[in-house]
Protein chains: 2
Amino acid sequence: LSRGMFVQVRNVLHNMPACDVAHLLESSPGKTRILFWDLIDTEFHGEILEELSDDVRNSIIHQMMPEAVAEATEGMDTDDLADVLRNLPDQLYQEVLQALDSQDRHRAEAALAYEEYSAGSVMNTDTVTIRPNVSVEVVLRYLRMRSEIPKTTDTLYIVDEQDVLIGEVSLTALVTSQPEVIISELMNTDIVPIPATMPESEAAILFERHNWISAPVVNEENHLLGRITIDDMVDIIREDAEHSMMSMAGLDDEEDTFAPVVKSTQKRSIWLGVNLLTALLAAMVSNLFEDVLGQLAVLAILNTIVPSMGGVAGNQTLTLVIRAMALGHVSPSNTRSLMIKELTVGILNGIIWSVLIASVVGLWKQDLYLAIVIAFAMLMNMIAAGISGVAVPLILKKFKIDPALAGSVILTTVTDIVGIFAFLGTASWLLM
Amino acid sequence: LSRGMFVQVRNVLHNMPACDVAHLLESSPGKTRILFWDLIDTEFHGEILEELSDDVRNSIIHQMMPEAVAEATEGMDTDDLADVLRNLPDQLYQEVLQALDSQDRHRAEAALAYEEYSAGSVMNTDTVTIRPNVSVEVVLRYLRMRSEIPKTTDTLYIVDEQDVLIGEVSLTALVTSQPEVIISELMNTDIVPIPATMPESEAAILFERHNWISAPVVNEENHLLGRITIDDMVDIIREDAEHSMMSMAGLDDEEDTFAPVVKSTQKRSIWLGVNLLTALLAAMVSNLFEDVLGQLAVLAILNTIVPSMGGVAGNQTLTLVIRAMALGHVSPSNTRSLMIKELTVGILNGIIWSVLIASVVGLWKQDLYLAIVIAFAMLMNMIAAGISGVAVPLILKKFKIDPALAGSVILTTVTDIVGIFAFLGTASWLLM
């Protein structure tokens, strides 16, 4: 590329499907990304934007002229269009909205009326609806007349005169039925429509659990508003599954791998700042035992082992509980069982690792009392780790704080402090 | 339940869809789980087993008689049947295989011929195939004659006399075309079939990127073997996305929230054992500086801050890189950019946090030299964190070791050792 083979690259890019170009852009550092983008014909910009992850999409849009953004969004799916607009800075947003043609502006405003991350904001309005009192043959004739229906249509929705959803019929049922069968005999009325106000993550869990391909979206009066398709849900399922991991490291879900340095540093510094505070807190606890540390350097050497083990054990429990909560496996009725289980695991872990660390320290430092001290501290901290691994996320959830975001840091603080107190406290009592 | 309201519970269970019963079982502690299971009519066992996660399914199957397992697997999808059999202990496996009827045994053996985690092992063989030289009308007549096709069918596959895949036609195209149109004019021949030997995770990435609902599976000679549907891929996408988080805490992907205590303790102990070794390694590094620690207790107090900050910063980079690798965003061509970016973030982080920690320590301990020592150690460790956050997963991948599993522990060892060396080393040189 650096050798100026622009024409060749351009041809290659234009022969790739939009999803592969999007993948290439996501895998490219900032400068190469813009270079690629400028090589692509503007008519393909829309399709590619639809396929990009939020962070990367925003980084590209912020470099485009409002008219170019408006042009690119032409013919975009409603949900993607709304998503692009939502992420624009205020001024750019107004300019782009002005530049849209009236039909697109209308569509965009309708989609923007739903809250971000609601089922309404990810739905498409391209549903095919039919009446219950017609025959299969009439429906087939109607579809042939339309000559095109959305690609991902697997189900036709049956509505009454007021657009109230009364049932659905799958394309597979339609093509395997005799022409004279009436739709009302064929339709499935046992459906669970998604309210437009449902959070998209909840809708995604329903899709996953029921193996849906698409599902109808309705308002409070059960009027059909649109439909959600599995391809949009797959992205949400992945994001939600990644959310916990990324949050636990203090990162954004959709963090762009090649985000600019200053932006990355800024985003990550919050987490490092919080960690500095907890590290200082742990140092202050150690500071209480300055005397004992000054007299026995061996304590300073061993001081990190117990907190470190507690941190790992606690984070195992925490990760398990956070995932179980995300999957909807934790409810008030089983909290007690979960707590008892993890507490028992903590006690068992405590016994195993305190015997082991006592043997190691006893042999290494040839000091029986020191071995007893570290064994006791290990046992205490493992139990604390088990309890707080369950309690911290549950308490955070009660206060509506994301356990994946704050859980790890609070848990580590608990295991650090318990570990240091148990070790240095027992040491100053038994060894001094 | 404990009050013996068995009949009511039984009725409720039987009126729930299988996926909801599965969810209930996954949310139940061991004893309640078995109680529920025994309340459910054996005829529903198969459906429910299909919906359960691996770990929970195995815990239930291990308590069933071979005949009961064989009965439950009747009519299961081929891929689920193979999955159940694969996870049985050897003896039970033979017994269940004997108890299956010959048709199911044949199906199971065919599916078991594919390696676990390959596309072949998750495919279903219930494809609907047609010939290219017939008209839409003929196809519709054929489908009506069959009177049933698999629910998730969205595409019919077109094969020649040797069963070689030559194209596909979607149901939506079929129902919107005129009856006299010939399939060969309608079919899409620009398809990317999935080889049966492709790893299922790769297939899942293709589904996600191309927004597929289903895709054909072929052998090396392009013979159609079956099809994969999005609902099976969704589970794999979630598992893969969760895999990194669970592995980073040393847990199994599908770990059962309510697994028995001993089993849980056993599974987690490997990770704790590895951590104990690295904690001891860090203690040994501190041990090299016993003299200096003995003379300056303040060093013991501050000794944990630098390693802790390095660990957090390093894990942020590591998490980002592991996710980028899972999404296929990292290739030899952009490794250098990624390394330079994270190194720069490391230097920037180093400057920010060394200035901050120097100020805090300078004010707290009123010691300029101590402040310089800790600032220098922080800068060094942040740079080490940035470099190893990128290098560790890349090197592990080269040696075919899962970076999510081993990355975090190796990285933390690096940042611990660099942090302690930099802090205590500089201290013994400057302060003694």
For N275(B) and S308(A), test the side chains for any donor-to-acceptor distance below 3.5 angstrom and give the result as yes or no. yes
At a 4.5 Å cut-off on heavy atoms, which part of W364(B) comes close to chain A: side chain, backbone, both, or neither? side chain
Option that, when pairs with chain A are counted at under 4.5 Å, heavy atom only, ranks first among P150(B), A22(B), S286(B), P17(B): S286(B)
Taking side chain as everything from C-beta outward and backbone as N, CA, C, O, which of these in M382(A) sits under 4.5 Å from a heavy atom of chain B? Side chain, backbone, both or neither. side chain
Top of Y142(B), F207(B), W353(B) for chain A proximity - count of heavy-atom pairs under 4.5 angstrom: W353(B)
Chain B shares the most heavy-atom pairs under 4.5 Å, among S408(A), S337(A), A173(A), with S337(A)
Heavy-atom proximity to chain B below 4.5 Å, by part of I305(A): both
Among A300(A), S147(A), P29(A), who wins on heavy-atom pairs under 4.5 Å with chain B? S147(A)
Separation of L348(B) CG from T265(A) OG1 (nearest 0.5 Å): 4.5 Å
Looking only at heavy atoms, the pair that brings T153(B) and T172(A) closest together is O-CG2, 3.3 Å
State the CG-CD distance between N349(B) and Q266(A), to the nearest 0.5 angstrom. 11.5 Å
Minimum side-chain heavy-atom gap D154(A)-D154(B) below 4.5 Å: no
Which answer fits I149(A), side chain, backbone, both or neither, if we ask what part of it has an atom under 4.5 Å from a heavy atom of chain B? both
Is it the backbone or the side chain of R146(B) that comes under 4.5 Å from a heavy atom of chain A, or both, or neither? neither
Among V234(A), D232(A), L272(A), D231(A), which residue has the highest count of heavy-atom pairs closer than 4.5 Å to chain B? L272(A)
Within a strict 4.5 Å, meaning less than it, do heavy atoms of the N287(B) and K365(A) side chains meet? yes
V360(B) versus chain A, heavy atoms under 4.5 Å apart: side chain, backbone, both or neither? side chain
Which of the residues E342(A), E148(A), Q316(A), M309(A) is involved in the greatest number of heavy-atom pairs with chain B at under 4.5 angstrom? Q316(A)
Top of T319(B), V330(B), L293(B), L296(B) for chain A proximity - count of heavy-atom pairs under 4.5 angstrom: T319(B)
dist M245(B):CE -> M248(A):CE (nearest 0.5 Å) comes out at 6.5 Å
Between H23(A) (side chain only) and G328(B) (backbone N and O only), is there a donor and an acceptor less than 3.5 Å apart? yes
Are any non-hydrogen side-chain atoms of K263(A) and V345(B) less than 4.5 angstrom apart? no
For the pair N334(A) (side chain) and S27(B) (backbone), establish whether a donor and an acceptor sit closer than 3.5 Å, ignoring hydrogens and angles. yes
Side-chain touch M246(A)/L320(B), heavy atoms, less than 4.5 angstrom: yes
Given S331(A), C19(A), G294(A), the one with more heavy-atom pairs under 4.5 angstrom with chain B than any other is C19(A)
Sort A282(B) into side chain, backbone, both or neither according to what part of it lies under 4.5 angstrom from a heavy atom of chain A. neither
Minimum heavy-atom separation for K341(A) to A259(B), with atom names? CE-O, 3.2 Å
Select one option (side chain, backbone, both, neither) describing which atoms of I352(B) are under 4.5 Å from chain A's heavy atoms. side chain
Would you indicate whether the side-chain heavy atoms of K151(A) and N211(B) approach each other to under 4.5 Å? no
Inspect the contact between R323(B) and E26(A) and indicate whether a charged nitrogen and a carboxylate oxygen are less than 4.0 angstrom apart. no
Spatial distance of atom CZ (R238(B)) from atom CD1 (I205(A)) [nearest 0.5 Å]: 6.5 Å
So which of P179(B), S269(B), P260(B), A324(B) has the largest heavy-atom pair count under 4.5 angstrom toward chain A? P179(B)
Does S177(A) offer a backbone N or O that forms a donor-acceptor pair with the side chain of R144(B) under 3.5 Å? yes
Relative to chain A, which of L318(B), V312(B), I322(B) shows the most heavy atom pairs under 4.5 Å? V312(B)
Heavy atoms, side chains only, cut-off 4.5 Å: are I301(B) and M284(A) in contact? no
Could you tell me whether the side chain of L276(B) reaches within less than 4.5 Å of the side chain of L356(A), counting heavy atoms only? yes
How long is the span from the NE2 atom in H210(A) to the CG atom in D20(B), to the nearest 0.5 Å? 5.0 Å
Interface check, chain A: of A18(B), A313(B), A283(B), most non-hydrogen pairs under 4.5 Å belong to A283(B)
Compare all side-chain heavy atoms of I357(A) with those of L280(B) and state whether any distance is below 4.5 angstrom. yes
Need one label for K31(A): side chain, backbone, both or neither, based on atoms under 4.5 Å from any heavy atom in chain B. neither
So which part of Q295(B) gets closer than 4.5 Å to some heavy atom of chain A, the side chain, the backbone, both or neither? neither
Report which part of P307(A) has an atom under 4.5 Å of a heavy atom belonging to chain B: side chain, backbone, both, or neither. neither
Please look at I230(B) and chain A and tell me whether the side chain, the backbone, both or neither of the residue comes under 4.5 angstrom of a heavy atom of that chain. side chain
Tested for side chain to side chain contact (heavy atoms under 4.5 Å, CB included) against V175(A), the lone hit among V139(B), L156(B), V128(B), V175(B) is V175(B)
Output the distance between atom CD (E208(B)) and atom CG (D235(A)), rounded to the nearest 0.5 Å. 6.0 Å
Under 4.5 Å to a heavy atom of chain B? For S214(A) that would be neither
Largest heavy-atom contact set with chain B, pairs under 4.5 Å, which of N315(A), L338(A), T278(A), N303(A): L338(A)
